[in-house]
Amino acid sequence: MYDVYKIREDFPILGREVYKRPLVYLDNGATTQKPRVVVDSLVNEYYSVNANVHRGVHFLSQQATELHEASRETVRRFINARSISEIIFTRGTTESMNLLAYSFGEAFLKDGDEVIVSVMEHHSNIVPWQLLQSRKNIVLKVIPMNDKGELLMDEYKALFTEKTKLVSVAHVSNVLGTINPVKEIIKIAHGHGVPVAIDGAQSTPHIPVDVQDLDADFFAFSGHKIYGPTGVGVLYGKEDFLEKMPPYQGGGEMIQNVSFEKTTFNDLPFKFEAGTPDYVATTGLAKALDYCSALGMENIAAHEQELTRYAMERMHQIEGMRIFGEAKEKDAVISFLVGDIHHLDLGTLLDRLGIAVRTGHHCAEPLMRRLGIEGTVRASFALYNTKEEIDALVAGIERVRKMF
């Protein structure tokens with residue numbers, strides 16, 4: 001059985017108070033809290049194993065290297081990649097998407113070529129392509145959506161031309177909570193011979209991910225959003241593409257031989273991992289993924305979807321409530337405004353009640369313009385949240401609403 005109250009005991013921070021009130025942490029879309037097993041792994045490695053990886057013949061270096069590469073295998077297994085050669089460690093989804101835009105762009109894109117994104121993308125899946133646009137004069141095309149926050153698939157199909165070279169879309173919107181039909185998106189793109197990159201920052205912590213079943217060509221996610229350390233993430237890529245892509249950065253570890261005349265690059269995945277990696281964080285990430293696997297991603301998904309349904313029902317009863325994102329397939333995120341209350345005011349006053357939510361444009365300004373607003377309040381759920389916390393959120397919103 002999924003015992004959320006037992007699970008909460010693994011997260012010491014959830015027991016603290018804020019402004020003399022119990023903490024209600026509903027900012028999981030920005031970052032999740034960490035279970036004790038993850039934090040303990042960081043402390044243990046620094047105190048007992050710490051040494052630079054890959055470069056040493058001494059015991060500690062070999063032990064640290066074994067832990068680091070075992071973590072790569074844990075990631076491979078968690079997303080069901082075919083090979084560890086397809087698992088690149090990065091600092092997070094943002095660096096993964098920048099790596100992809102730079103290296104894929106250098107290898108496969110030229111003047112006039114097209115990249116398709118969607119209107120609901122995070123800035124990390126917009127700005128890297130615009131930077132490439134400034135270098136190579138590519139064209140960005142945008143999949144529109146309906147008022148419920150669902151992508152318009154017929155219009156998506158119409159965007160393809162012979163110049164389309166990549167589709168790059170979010171698996172789950174960080175604002176709307178929409179679970180995009182990425183398997184269908186990929187199938188359509190592959191029908192045109194076009195590869196697809198998936199931003200999985202908001203999906204990997206919440207639903208099972210199988211990159212082979214999706215047939216994704218690239219997939220990115222962040223450790224800190226799935227109960228792991230900050231500063232570590234993953235870019236998965238099919239080996240055929242990664243082999244043809246140039247390195248993103250130069251330095252140590254990503255080389256085979258260096259002379260002043262010529263440098264040859266290392267094999268995958270090390271070609272894309274210049275310098276000393278955060279090998280302690282990769283161990284923490286592996287512990288976080290193992291923690292989720294032990295609970296069962298299907299069980300986590302069922303718990304969070306029940307929370308989302310419950311929260312939507314309760315929040316719809318609040319006078320003046322406007323919820324942005326009413327897609328049929330929706331998970332773990334509710335963005336909202338109440339009457340004429342500014343999102344910053346509402347978030348600030350909820351904070352004084354001990355309720356942590358996120359306010360602003362959520363790094364999705366084009367989406368905000370599509371919605372005709374400046375920003376929202378966002379409540380986002382995790383495997384340790386409860387219906388009682390939803391009740392506290394609703395009571396808090398009602399209290400603030402009455403103040404205004």
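None of these values were measured; they are calculated from a predicted model.
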Q | Tyr248: partners by ring-ring contact (aromatic ring centres under 6.0 Å, His included), with sequence neighbours left out | A | Tyr102
Q.
Quick check for you: to the nearest 0.5 Å, what is the distance between Leu285 atom CG and Asp290 atom CG?
A. 9.5 Å
Q) Do the non-hydrogen side-chain atoms of Pro269 and Arg72 ever get within less than 4.5 Å of each other? A) yes
**Q.** Residue of the set Arg358, His362, His343, Arg322 for which side-chain hydrogen bond (donor to acceptor under 3.5 Å, both in side chains) holds with Thr376
**A.** His362
Q.
Under the rule for ring-ring contact (aromatic ring centres under 6.0 Å, His included), what residues qualify as partners of His68, not counting sequence neighbours?
A. His54, Phe89
Q. Testing Glu298, Glu304, Gln305 for side-chain contact (heavy atoms from CB on, under 4.5 Å) with Ile207, which one passes?
A. Gln305
Q. With a 4.0 Å cut-off, would you call Lys187 and Asp215 a salt bridge?
A. no
Q: Apply side-chain hydrogen bond (donor to acceptor under 3.5 Å, both in side chains) to Glu306 and list each qualifying residue two or more places apart in sequence or on a separate chain.
A: Arg309, Lys387
Q: Hey, could you give me the NE2/OG1 distance between His224 and Thr32, rounded to the nearest 0.5 Å?
A: 8.0 Å
Q: Measure the CG-OG distance between Leu100 and Ser168 for me, rounded to the nearest 0.5 Å.
A: 6.0 Å
Q. Heavy-atom count around Lys136 NZ within 6.0 Å, excluding the residue itself: above 12?
A. yes
Q | Val182 side chain reached by Leu214 side chain, heavy atoms, under 4.5 Å | A | yes
Q | Test item: side-chain donor near acceptor, Tyr279 and Asn50, under 3.5 Å | A | yes
Q. Are any non-hydrogen side-chain atoms of Phe272 and Leu235 less than 4.5 angstrom apart?
A. no
**Q.** salt_bridge(Lys402, Glu398) N-O dist < 4.0 Å
**A.** no
(Q) Looking only at the side chains, is there a donor atom on one of Thr283 and Ser41 sitting less than 3.5 Å from an acceptor on the other? (A) no
Q) Is Lys287 atom NZ crowded by more than 12 heavy atoms from other residues, nucleotides or ligands, each under 6.0 Å away? A) no
Q: Assess whether side-chain contact (heavy atoms from CB on, under 4.5 Å) is satisfied between Val18 and Arg21, documenting all intermediate values.
A: CA-CA 5 Å; Val18 176; Arg21 295 175 181 273; 5.9 Å; no
(Q) Please determine whether a side-chain nitrogen of the Lys or Arg among Glu150 and Lys328 lies less than 4.0 Å from a carboxylate oxygen of the Asp or Glu. (A) no
Q: Calculate, to the nearest 0.5 Å, the distance between atoms CG and CG belonging to Asp111 and Asn137 respectively.
A: 4.5 Å
Q) OG/Ser71 to CD1/Ile87 distance, rounded to the nearest 0.5 angstrom? A) 12.0 Å
(Q) Taking ring-ring contact (aromatic ring centres under 6.0 Å, His included) as the cut-off, I'd like each qualifying pair that reaches into residues 115-140, sequence neighbours left out, listed once. (A) His123-His361
Q) To the nearest 0.5 Å, what is the distance between CD (Glu114) and CG (Leu159)? A) 8.5 Å
Q. With sequence neighbours left out, which residue pairs that include part of residues 285-332 fulfil the ring-ring contact (aromatic ring centres under 6.0 Å, His included) condition?
A. Tyr2-His303, Phe11-Tyr291
Q) Would you call Lys20 and Glu17 a salt bridge, taking side-chain N to carboxylate O under 4.0 Å as the test? A) no
Q) Which pairs count as ring-ring contact (aromatic ring centres under 6.0 Å, His included) when at least one residue sits in residues 154-205, sequence neighbours excluded? A) Tyr156-Phe160, Phe160-His192
